[in-house]
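These notes concern the structure reproduced below.
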Amino acid sequence: KQNKKSDEINTAPKGLKATLKIKGVAYVLIAFFSYCALETTTGLWTASYLVREKGIDETTAATCVAMVYLGVTLGRFLCGFVADKFGDKTMIRLGIITVIIGIIMLILPLSSYYVAVIGVLVIGFGCAPIYPSIIHSTPHNFGAENSQAVIGVQMASAYLGSTFMPSLFGFLANNISKMKKNTALGSRIVEVHNGSSLFTGKAGQGPSNLRQYILEQDLLEAIVAVPEKMFYNTGIGTYIWILANKKEERRKGKVQLID
């Protein structure tokens with residue numbers, strides 16, 4: 001009876017707090033958040049990018065977006081034949097490398113848009129093994145007894161990334177594109193973000209590229225860390241981003257961080 005009780009305690013589902021305390025869970029949640037933010041942002045904003053930057057007409061650009069999901073579908077079909085041979089870690093690494101290659105193809109300053117369209121397909125193909133490989137490796141990484149709880153929070157993190165990040169980065173990028181440059185004072189943008197805007201996306205991914213552009217163009221004037229629990233019923237960290245395209249001389253080349 002005592003052994004049976006002990007087994008029941010060990011196999012009981014973990015709560016959210018206990019799950020988040022498991023070593024490595026925080027990192028895998030960031031990975032899931034970033035991956036889903038990348039895939040969804042690519043699907044939603046690629047058409048706009050192709051129209052504005054590559055000069056493609058709206059109908060063709062919208063058709064090209066299907067290449068993302070064609071790449072994901074084709075990639076996952078093919079991954080089913082080789083996943084056991086290469087293992088989850090290798091599949092994830094190969095996927096990330098493929099995504100980076102696709103992003104480079106997409107942003108290359110070429111007169112023809114065909115390379116960019118193929119890059120969209122390559123991005124989708126690279127995304128294919130990442131999601132299922134992370135899920136498949138969960139029992140190995142965190143133990144079979146914790147798999148149910150860990151996969152649950154992974155799904156929550158994935159939905160957060162795919163829900164909020166595309167609109168957030170689209171909103172920020174849209175505001176930057178509307179900044180006035182032909183006036184004495186220029187333009188200033190003030191936006192409230194959660195902490196994910198500071199770190200989401202690996203090098204070469206859309207969110208990372210947007211942050212790089214903001215810093216290289218010296219648009220970021222300051223980031224203000226807002227005290228916790230300022231917003232009703234949530235304890236998430238929030239930050240105020242202040243952007244300006246005509247800084248004072250003493251502020252040029254600098255970013256003020258206010259805690």
Side-chain angles (χ1 to χ4, degrees), residues 1-43 68-103 122-166 194-196 199-208 235-237:
K1 284 184 181 178
Q2 190 173 358
N3 289 338
K4 189 177 179 182
K5 245 183 211 181
S6 176
D7 288 342
E8 286 176 358
I9 292 171
N10 290 334
T11 57
K14 290 184 180 292
L16 179 60
K17 286 185 178 179
T19 303
L20 294 176
K21 287 179 181 178
I22 299 172
K23 186 178 179 181
V25 166
Y27 297 110
V28 82
L29 293 186
I30 292 171
F32 251 94
F33 186 95
S34 301
Y35 163 76
C36 289
L38 166 69
E39 183 181 317
T40 313
T41 301
T42 303
V68 179
Y69 304 104
L70 176 63
V72 172
T73 303
L74 179 63
R76 286 187 180 160
F77 174 76
L78 295 175
C79 285
F81 294 101
V82 298
D84 287 339
K85 181 179 179 180
F86 290 106
D88 294 321
K89 284 185 179 179
T90 302
M91 294 299 293
I92 293 169
R93 288 167 182 164
L94 288 173
I96 292 171
I97 292 169
T98 305
V99 167
I100 292 171
I101 292 170
I103 291 172
V122 172
I123 291 172
F125 193 79
C127 286
I130 298 175
Y131 192 107
S133 294
I134 295 176
I135 291 289
H136 185 258
S137 64
T138 299
H140 173 75
N141 292 333
F142 302 105
E145 70 280 5
N146 297 322
S147 293
Q148 179 182 350
V150 174
I151 289 175
V153 293
Q154 284 175 342
M155 294 297 99
S157 180
Y159 286 123
L160 285 173
S162 59
T163 301
F164 293 109
M165 296 314 297
N194 63 8
S196 58
F199 61 81
T200 299
K202 295 184 179 181
Q205 294 180 352
S208 177
I236 63 171

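Every residue two or more places apart in sequence or in another chain that forms a side-chain contact (heavy atoms from CB on, under 4.5 Å) with N141 is listed here: S137. Judged as a side-chain hydrogen bond (donor to acceptor under 3.5 Å, both in side chains), and not counting sequence neighbours, H140 has no contacts. Applying the side-chain contact (heavy atoms from CB on, under 4.5 Å) test to T90 and every residue at least two apart in sequence or in another chain returns F86, L94. Scanning for side-chain contact (heavy atoms from CB on, under 4.5 Å) contacts around A128 gives R76, with sequence neighbours left out. Applying the side-chain contact (heavy atoms from CB on, under 4.5 Å) test to L78 and every residue at least two apart in sequence or in another chain returns L74, F125.
Side chains of C127 and L38 form a contact here, defined as non-hydrogen atoms less than 4.5 Å apart. Side-chain contact between I134 and Y35 is absent, with no heavy atoms from C-beta onward closer than 4.5 Å.
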Original post:
Going through the distances and angles, do V122 and T98 end up as a side-chain contact (heavy atoms from CB on, under 4.5 Å)?
Top reply: CA-CA 7 Å; V122 172; T98 305; 3.6 Å; yes

**OP:** Given side-chain contact (heavy atoms from CB on, under 4.5 Å), test S162 with E39 step by step and report yes or no.
**Re:** CA-CA 8 Å; S162 59; E39 183 181 317; over 6 Å; no

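The only member of V25, L20, I135 that meets side chain to side chain contact (heavy atoms under 4.5 Å, CB included) when paired with V150 is V25.
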Could you pull out all donor-acceptor pairs under 3.5 Å where a side-chain atom in residues 151-159 meets a protein atom, sequence neighbours excluded?
{"residue": "Q154", "atom": "OE1", "partner": "T138", "partner atom": "OG1", "Å": "3.4"}
{"residue": "Q154", "atom": "NE2", "partner": "T138", "partner atom": "OG1", "Å": "3.4"}
{"residue": "S157", "atom": "OG", "partner": "L29", "partner atom": "O", "Å": "2.7"}

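Summarising the geometry of C79 relative to M91, their closest heavy-atom pair is SG-CE, 3.4 Å, with the distance given to 0.1 Å. Heavy atoms only, all atoms of each residue included: G24 and F142 are closest at C-CE2, 3.7 Å. Listed here is the closest heavy atom pair of S133 and I92: CB-CG1, 3.5 Å.
The distance from the CZ atom of F32 to the CD1 atom of I130 is 10.5 Å, given to the nearest 0.5 Å. Note that OG1 of T19 is 9.5 Å distant from CD of Q148, once rounded to the nearest 0.5 Å.
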